[in-house]
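The block underneath contains the structure these notes are about, expressed in structure tokens.
We're numbering straight along the sequence, starting at 1.
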Amino acid sequence: MAAYTHGYQESVLRSHRQRTAENSAAYLLPRLAAGQALLEVGSGAGTITADLAARVAPGRVTAVELTETARDLGRAEAARRGQENIGFVVGDVHALDFPEDSFDVVHAHQVLQHVADPVQALREMRRVCRPGGVVAARDSDYAAFTWYPADPVLDRWLALYQTAARANGGEPDAGRRLLAWAHAAGFTEVLPSSTTWCFATPDARTYWGGMWADRILKSDIATQSLRDGLASPAELEEISAAWRRWTDDPDGWISLLHGEIIAIA
């Protein structure tokens, strides 16, 4: 597993807790049914996991995370909602500790961009999925993010993030590669798609721009950037200020592209 670039600070979780099955896994929802067994790879804050568990109940969801810290975030969200059909475990997607053909659906949201070997991860997701079942993945494609107004400091933010993610062994432009990775993993029936998140209203800008204004100063990417000499404290402050300018601009607009695949096991 590559290092997780973002970390789990409040500025990161503020973003992750806004994710729902509807805004982050709509491409998968028509394939879900009550009674299915679902594996969630990388449950994170647990909001998507809990949503999916409600949809497949009385079926069960198994959520796997790389560390106890990450596992416990999802477990706490499930407990808060009273969602009892979820089991949380620690494991590595490169070598899942489940027998073959264990699940009807295997799902990963914003995971493959962070793993050391996404093709091996997909092979494992396929192995534990029953024949005819669904392996689903959705990932950002940072190089395809676009915003207005143009700002060279935000260009610097994007380049810094891509450098940090690749230094950690990940691929921040994963969205465009999902289809190729699925083919390399042995899938022959793959349905590719893409969707976007758009933040342009005042409330949406406050959420996205305010979150990144904080995250670039108070998260693992900030720590890594300073530790490895990728950016100076002054540069990070400048990027934070650029996000706040964008947030306050009534013309501010950003669109984030995500690639998606439905792969039939």
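- A donor-acceptor pair under 3.5 Å links the side-chain atoms of N85 to the main chain of A53, judged by distance alone.
- With Q120 contributing its side chain and H94 its backbone, the two residues share a donor-acceptor pair below 3.5 Å.
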- Give the intermediate values and the outcome of side-chain hydrogen bond (donor to acceptor under 3.5 Å, both in side chains) for residues D141 and Q113. CA-CA 9 Å; D141 195 302; Q113 64 186 283; over 6 Å; no
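- Looking at S194, its side chain never comes within 3.5 Å of a backbone N or O of G259 through a donor-acceptor pair.
- When all heavy atoms are compared, the tightest approach of L73 to G44 is CB-O, 3.6 Å.
- Geometric assessment of R138 against the ring of Y27 yields a negative cation-pi assignment under the 6.0 Å and 45° thresholds.
- Checking side-chain atoms of N23 against main-chain N and O of T20 turns up a donor-acceptor pair under 3.5 Å.
- Of all heavy-atom pairs between L122 and A185, the closest is CB-CB, 3.7 Å.
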- Message: For a side chain to side chain contact (heavy atoms under 4.5 Å, CB included) check, start with the C-alpha distance between L38 and T62, then their side-chain angles and the critical distance, and finish with the verdict.
- Response: CA-CA 6 Å; L38 186 148; T62 301; over 6 Å; no
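- Side-chain contact check for R31 versus L191: some heavy-atom pair is nearer than 4.5 Å.
- The same ILVMFWY cluster, assembled from side-chain heavy atoms under 4.5 Å apart, contains both V89 and V41.
- Taken from NE2 in H114 to CG in L66, the straight-line distance is 12.0 Å, to the nearest 0.5 Å.
- Between the CG atom in L158 and the OG1 atom in T163 there is a gap of 9.0 Å [rounded to 0.5 Å].
- Interatomic distance, F187 CZ to L179 CG, rounded to the nearest 0.5 Å: 11.5 Å.
- Of all non-hydrogen atoms in R19 and S24, the two that sit nearest each other are CB-OG, 3.6 Å.
- Remark: R166 pairs with E171, D173 by the salt bridge (Lys or Arg N to Asp or Glu O under 4.0 Å) rule, at least two apart or across chains.
- Looking at E40 and H109, their side chains never bring a donor and an acceptor atom within 3.5 Å of each other.
- At least one side-chain heavy atom of L52 sits less than 4.5 Å from a side-chain heavy atom of L29.
- Salt-bridge check for R126 with D101: failed, with every basic side-chain N at 4.0 Å or more from each acidic carboxylate O.
- When atom types are taken as modelled, the side chain of R205 and the backbone of G252 share a donor-acceptor pair closer than 3.5 angstrom.
- Of the possible polar contacts, none joining the S240 side chain to the L236 backbone as a donor-acceptor pair under 3.5 Å is found.
- Put simply, OH on Y161 and CZ on R156 are 15.0 Å apart, with the number rounded to the nearest 0.5 Å.
- Listed for the E124 side chain is a donor-acceptor partner under 3.5 Å among the backbone atoms of L96.
- A 4.5 Å side-chain heavy-atom check between R245 and V153 finds at least one atom pair inside the cut-off.
- Side-chain N or O atoms of H258 include one that pairs as donor or acceptor with a backbone N or O of L256 at under 3.5 Å.
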- Task: Under the side chain to side chain contact (heavy atoms under 4.5 Å, CB included) rule, what do V105 and L28 come out as? Steps first, then yes or no, please.
- Result: CA-CA 9 Å; V105 180; L28 172 61; 4.1 Å; yes
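- Remark: of the listed residues W147, W157, F145, W157 is the sole one forming a ring-ring contact (aromatic ring centres under 6.0 Å, His included) with W212.
- The main-chain N or O of A164 is found under 3.5 Å from a side-chain atom of Q224 such that the two form a donor-acceptor pair.
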- Item | Stepwise side-chain hydrogen bond (donor to acceptor under 3.5 Å, both in side chains) test for E77 and T49 | CA-CA 9 Å; E77 177 64 17; T49 309; over 6 Å; no
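- Remark: D214 engages R244 in a salt bridge, criterion side-chain N to carboxylate O under 4.0 Å.
- Inter-residue side-chain proximity for L39 and H107 is flagged as unmet; no heavy-atom pair is nearer than 4.5 Å.
- With a 4.5 Å cut-off on side-chain heavy atoms, V64 and S43 do not count as touching.
- Two residues are said to be in side-chain contact when any heavy atoms from C-beta on lie closer than 4.5 Å; P118 and R177 fail this criterion.
- At a threshold of 4.0 Å, the pair D104-R130 counts as salt-bridged, since one of the basic side-chain nitrogens sits closer than that to a carboxylate oxygen.
- Partners of S193 by side chain to side chain donor-acceptor pair (under 3.5 Å), not counting sequence neighbours, listed by chain and number: E260.
- Counting heavy-atom neighbours within 6.0 Å of E22 CD, excluding the residue itself, gives a total above 12.
- Of all the heavy atoms in M125 and A108, the pair that sits closest is CE-CB, 3.8 Å.
- Residues L160 and I216 approach most closely at CD2-CD1, 4.1 Å, considering heavy atoms.
- Residues W246 and Y142 are members of one and the same hydrophobic cluster, defined by side-chain heavy-atom contacts under 4.5 angstrom among Ile, Leu, Val, Met, Phe, Trp and Tyr.
- Between D151 and D155 the shortest side-chain heavy-atom distance does not fall below 4.5 Å.
- No side-chain donor-acceptor contact under 3.5 Å links W253 to the backbone of P149.
- With rounding to the nearest 0.5 angstrom, the NE2 atom of H6 is 8.5 Å from the OG atom of S219.
- Atom CG of D251 sits in a crowded spot, with more than 12 heavy atoms from other residues, nucleotides or ligands closer than 6.0 Å.
- Note: T188 OG1 to H183 NE2 = 8.5 Å, rounded to the nearest 0.5 Å.
- Between F103 and F98, the two ring planes are perpendicular [angle over 60°; tilted spans 30° to 60°].
- Considering only heavy atoms from C-beta on, I254 comes within 4.5 Å of W208 through its side chain.
- Taking all atoms of both residues into account, the shortest heavy-atom contact from A37 to S102 is CB-O, 4.1 Å.
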